[in-house]
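Note sheet for the following structure.
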Amino acid sequence: MLTAITRKVSPSMGQCELSYVPRVDIDIALARRQHYQYQQALSALGCRVITLPAEDELPDAVFVEDVALVLDEVAVMTRPGAASRRPEGASVAATLSQYRNLLSIQAPGTLEGGDMMRVGRTIYVGRSARTNSSGIEQLTRLLSDYGYAVHPVAMTECLHLKSAVTLVADETLLIQPEWVGRDDFAGFKIIEIDPGEPHAANTLRVGSGMIYPSCFPRTLERLSKAGITVTTVDVSELQKAEGAVTCCSLIFEGEP
Ligand code: CIR
């Protein structure tokens, strides 16, 4: 059975970290309703959803993806590049430790979950402002024992690797070509986002389904033409915090 760890929206989300999007007012009540709909979509796609309580003093804590990488054999607690986000890991680690042995990235390494995309036994890792060489080297060492290869990827002008590319079918990627190149992904079928929807590359695969923001109709049409069906959710308020659909959950096989 799939488990999804999520966390409620913080009342302080308006003070979130922002890198590439301008700060605008966030309607926290609406953000909470949208987050609930997102959790409902996870349930409908077969997840047992765990909801951690909001962290009132940690504006970005709803974005649980960034503090861990969960694999079948083990989980790695990251060390976020944004110092304000480092305290978010403790409560997620407490829950995750019921499911997996935990490894961790140590200073001076930084690594965020949004920068890691797993495809089979390969972990693609974005060299972003949040993930540094030491973080990537440590991840490579930790995961080589488990038979995973780590493949660093150059990227630009966006927060995380998965802002620019996500897996939409076993061998198909959805890509924002202005933020990441194709060279690292030889052998994949590539779908490009619609150029008028720059933030449209972040999709969340859940079992045989997929969760996708409702605000990218033209890219959605490209996915549909490729035979990919999605459950759409309105995540406008989470997007104002530079979040998207992958970042609000940690999804993995397993029961405690
Ligand atoms: C941050 O800048 O860290 C948050 N405001 C947004 C994090 C989004 N995380 C993700 O896409 N994995």
Side-chain angles (χ1 to χ4, degrees), residues 4-28 31 34-35 38 42 52 54-70 75-89 92 105 110-118 123-132 135 139 153 155-167 174-176 179-180 193 198-206 210-213 215-216 233 235-252:
I5 297 180
T6 66
R7 179 172 5 234
K8 286 191 171 176
V9 169
S10 171
S12 62
M13 193 165 74
Q15 281 86 58
C16 63
E17 297 281 343
L18 290 177
S19 304
Y20 295 91
V21 305
R23 193 171 296 278
V24 293
D25 282 347
I26 297 176
D27 180 336
I28 298 292
Q34 291 177 345
H35 185 256
Y38 171 86
L42 288 172
L52 301 178
E55 291 270 13
D56 292 359
E57 311 300 325
L58 300 176
D60 283 308
V62 65
F63 302 124
V64 289
E65 167 180 57
D66 292 320
V67 300
L69 172 70
V70 189
V76 180
M77 296 310 300
T78 67
R79 182 169 178 274
S84 70
R85 301 205 53 194
R86 290 185 193 144
E88 295 174 21
V92 172
I105 302 297
T110 65
L111 181 68
E112 295 195 359
D115 278 322
M116 292 183 276
M117 176 175 74
R118 185 182 72 82
I123 315 292
Y124 293 89
V125 186
R127 292 187 184 278
S128 73
R130 299 284 181 88
T131 290
N132 66 16
L139 184 75
V153 178
M155 46 174 280
T156 182
E157 286 175 58
C158 64
L159 181 58
H160 288 131
L161 179 66
K162 280 186 285 194
S163 317
V165 56
T166 55
L167 193 69
L174 180 64
I175 274 196
Q176 159 49 296
W179 296 347
V180 74
I193 55 132
H199 294 276
N202 188 262
T203 68
L204 176 63
R205 283 182 102 192
V206 186
M210 207 169 95
I211 296 181
Y212 192 62
C215 58
F216 303 124
V233 289
V235 286
S236 64
E237 302 313 290
L238 301 162
Q239 288 168 321
K240 290 176 184 172
E242 214 166 352
V245 288
T246 60
C247 54
C248 295
S249 54
L250 284 164
I251 299 174
F252 50 88

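First listed ligand is number 1; within each ligand, the first listed atom is number 1. Positions are given from 1, in the same order as the sequence printed here.
Put simply, the side chain of Tyr212 never gets that close to the backbone of Val245: no donor and acceptor are under 3.5 Å apart. Side chain of Glu88 to backbone of Glu55: no donor-acceptor contact under 3.5 angstrom is found. For Glu112 (side chain) and His160 (main-chain N/O), no donor-acceptor pair under 3.5 Å exists by modelled atom type.
Taking the ring centroids of His199 and Trp179, they lie under the 6.0 Å cut-off.
Rounded to the nearest 0.5 Å, atoms CZ (Phe216) and CD (Gln239) are 5.0 Å apart.
Using a 4.5 Å cut-off on side-chain heavy atoms (C-beta onward), Leu159 and Ser128 make no contact.
Contacts of ligand 1 (protein heavy-atom distance under 4.0 Å) are Glu17, Asp60, Phe63, Glu65, Asp66, Arg85, Gly114, Arg130, Leu159, His160, Ala241, Glu242, Gly243, Cys247.
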